[in-house]
Amino acid sequence: MQMDMKRVEDFMKRVEESEKTTFQPVSEKLKVGVDLGTAYIVLVVLDEENNPIACEKKAADVLRDGVVVDYTGALQAVKDLKAKLEARLGRELVNCAIAMPAGTESSAKTHQYVAEGAGFEVTNILDEPSSANAIYQIQDGVIVDIGGGTTGLAILKDGKVVEVEDEPTGGTHLTLVLAGNYHISIKEAEAIKQDYSRHKEILPVVKAVIEKMATIIKRYVSQADTDTIYLCGGTCCLTGIEGIIEKETGIRTIKPTNPFLVTPAGIAMSCR
Ligand SMILES: Nc1ncnc2c1ncn2[C@@H]1O[C@H](COP(=O)(O)OP(=O)(O)OP(=O)(O)O)[C@@H](O)[C@H]1O
Ligand SMILES: [Mg+2]
């Protein structure tokens, strides 16, 4: 079964809207996903029927390769975001789910302590690439989550995750290459990268890095047994990234219009 792109697009559009608009929940109980990323910390709130209710995010530099390196910073960021959401909703948030990049399960405790320290009760702990499948709901294929510092893969067969992998590459590398190429600061390079009107111009500059990411994907999946690569993660916002990956791997590659909030929304969906 292929991914129902229209359903995913509609849902993700609603999650995106919930950053600005607070929607009315149909249930008393709310589900929260806490995504501690290398580049962003994101909290997504859904109601019991998985309707997007509210979302807050913050750029943060408190993780390296998926591991929390600044506990106090991470805790403060989650506290701030939780307080913002609670002010918007007029009520307290209690339960949350969290996710770990594959292979960093040993740091699960740190993630958990951050969430608990901020006042959450952690009801579910997942791995990151698998959480995206709560949204995509694919049976077969590979989900590739390209974030800031890490690229996570989840290989699915008959609706089950059979393998998860994590590689230390992501958007940060693209930023470094842009900074080097234009002789500008990391901050300026980051701004250029996130400016959609500059994507056409910067794509050739970062093409080799994306090809390298594609060869990493190829290490885990082959044309013979994978018919589609499903992209998510902030770096996949880059216009044209799917074409480079498709060409390099020889595997059909697709992404929703906004792949940025897929993983945090999937984490929220898995909250109990
Ligand atoms: N419009 C955009 N175009 C290109 N890249 C973007 C865009 N928006 C965000 N990014 C990049 O996406 C990355 C962040 O993505 P995401 O939030 O998925 O990562 P993360 O979860 O914080 O990190 P990780 O999963 O590696 O721990 C950053 O490198 C950022 O520069
Ligand atoms: Mg991430």
Side-chain angles (χ1 to χ4, degrees), residues 12 15-16 19 33-44 55-70 73-74 77-78 81 97-104 107 110-111 114 126-133 135 143-154 164-179 185-203 205-207 209-210 213 216 231-242 244-245 255-268:
M12 291 317 302
V15 176
E16 211 181 323
E19 286 191 66
V34 176
D35 187 356
L36 296 177
T38 315
Y40 285 92
I41 295 187
V42 189
L43 267 65
V44 170
C55 170
E56 289 284 343
K57 66 170 191 282
K58 186 178 183 181
D61 189 17
V62 293
L63 278 91
R64 289 285 132 68
D65 299 342
V67 175
V68 177
V69 292
D70 176 0
V78 175
L81 295 174
I98 56 174
M100 244 54 61
T104 61
S107 69
T110 318
H111 275 62
V114 169
L126 344 151
D127 75 82
E128 274 179 5
S130 304
S131 28
N133 204 39
I135 312 290
I143 295 177
V144 180
D145 176 349
I146 312 181
T150 62
T151 291
L153 284 89
V164 287
E165 297 293 343
D166 198 79
E167 291 281 345
T169 182
T172 307
H173 289 157
L174 304 187
T175 307
L176 288 174
V177 167
L178 288 174
S185 70
I186 302 283
K187 201 164 166 248
E188 287 169 295
E190 185 64 42
I192 291 179
K193 193 180 70 173
Q194 295 202 22
D195 178 354
Y196 284 91
S197 73
R198 304 280 301 262
H199 280 183
K200 205 172 165 198
E201 167 201 342
I202 65 172
L203 201 63
V205 180
V206 296
K207 191 172 176 216
V209 188
I210 297 168
M213 290 168 176
I216 291 172
L231 298 178
C232 63
T235 295
C236 295
C237 293
L238 194 67
T239 314
I241 190 171
E242 66 277 22
I244 298 173
I245 294 174
K255 68 170 189 188
T257 311
N258 189 350
F260 188 70
L261 296 170
V262 173
T263 298
I267 299 171

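Read the numbers this way: they start at 1 and go in the same order the structure lists the ligands and their atoms.
- Taking the side chain as every heavy atom from C-beta outward, His111 and Leu63 approach each other to under 4.5 Å.
- The shell of residues lying under 4.0 angstrom from ligand 1, judged by heavy atoms, includes Gly149.
- Around atom 8 (N) of ligand 1, the closest heavy atom drawn from Gln194, His173, Lys57 belongs to Gln194.
- With values rounded to the nearest 0.5 angstrom, Leu174 atom CG is found 5.5 Å from Ile210 atom CD1.
- Residue Tyr40 has at least one heavy-atom neighbour below 4.0 Å for each of these atoms of ligand 1: 14 (C), 17 (O), 22 (O).
- Atoms of ligand 1 found under 4.0 Å from any heavy atom of Gly171, numbered from 1 in the order shown, are 29 (O).
- Distance from atom 21 (O) of ligand 1 to its nearest protein heavy atom, with residue and atom name: Gly37 CA, 3.6 Å.
- Using modelled atom types, one side-chain atom of Thr172 and one backbone atom of Gly148 make a donor-acceptor pair closer than 3.5 Å.
- Counting heavy atoms only, Glu190 comes closest to atom 31 (O) of ligand 1 of the residues Arg198, Glu128, Glu190, Arg64.
- Among protein heavy atoms, the minimum distance from atom 17 (O) of ligand 1 is reached at Phe260 CE1, 3.5 Å.
- For atom 10 (N) of ligand 1, the nearest non-hydrogen atom from the set Cys237, Ala99, Gly234 belongs to Gly234.
- Closest heavy-atom contact between Thr235 and Gly147: OG1-O, 2.7 Å.
- Panel note: side chain Lys255, backbone Cys236; a donor-acceptor pair is recorded below 3.5 Å.
- For ligand 1 and Gly233, the ligand atoms under 4.0 Å from any heavy atom of the residue are 18 (O).
- Residues Ile41 and Val78 have side chains in contact (heavy-atom distance under 4.5 Å, counting atoms from C-beta outward).
- Proximity to Tyr196 (heavy-atom distance under 4.0 Å) selects the following atoms of ligand 1: 1 (N).
- Between Val62 and Leu36, every side-chain heavy-atom pair lies at or beyond the 4.5 Å cut-off.
- No donor-acceptor distance shorter than 3.5 angstrom exists from the side chain of Thr150 to the backbone of Pro168, with no hydrogens or angles considered.
- Using a 4.0 Å cut-off between a side-chain N of Lys or Arg and a carboxylate O of Asp or Glu, Lys193 and Glu190 qualify as a salt bridge.
- Closest to atom 19 (O) of ligand 1, if we only count protein heavy atoms, is Gly148 N, 3.1 Å.
- In terms of protein heavy atoms, atom 25 (O) of ligand 1 is closest to Thr150 OG1, 3.5 Å.
- A 4.5 Å side-chain heavy-atom check between Ile245 and Met213 finds every atom pair outside the cut-off.
- Taking any N or O of Thr175, backbone or side chain, none lies under 3.5 Å from an N or O belonging to ligand 1.
- For the pair Thr235 and ligand 1, a heavy-atom separation below 4.0 Å is found.
- Of all protein heavy atoms, the one lying nearest to atom 27 (O) of ligand 1 is Thr38 OG1, 2.6 Å.
- Given atom 29 (O) of ligand 1, the protein heavy atom at minimum distance is Lys193 NZ, 3.2 Å.
- Remark: the backbone N or O of Asp127 is paired with a side-chain donor or acceptor of Ser131 at under 3.5 angstrom.
- Among protein heavy atoms, the minimum distance from atom 14 (C) of ligand 1 is reached at Ala39 CB, 3.6 Å.
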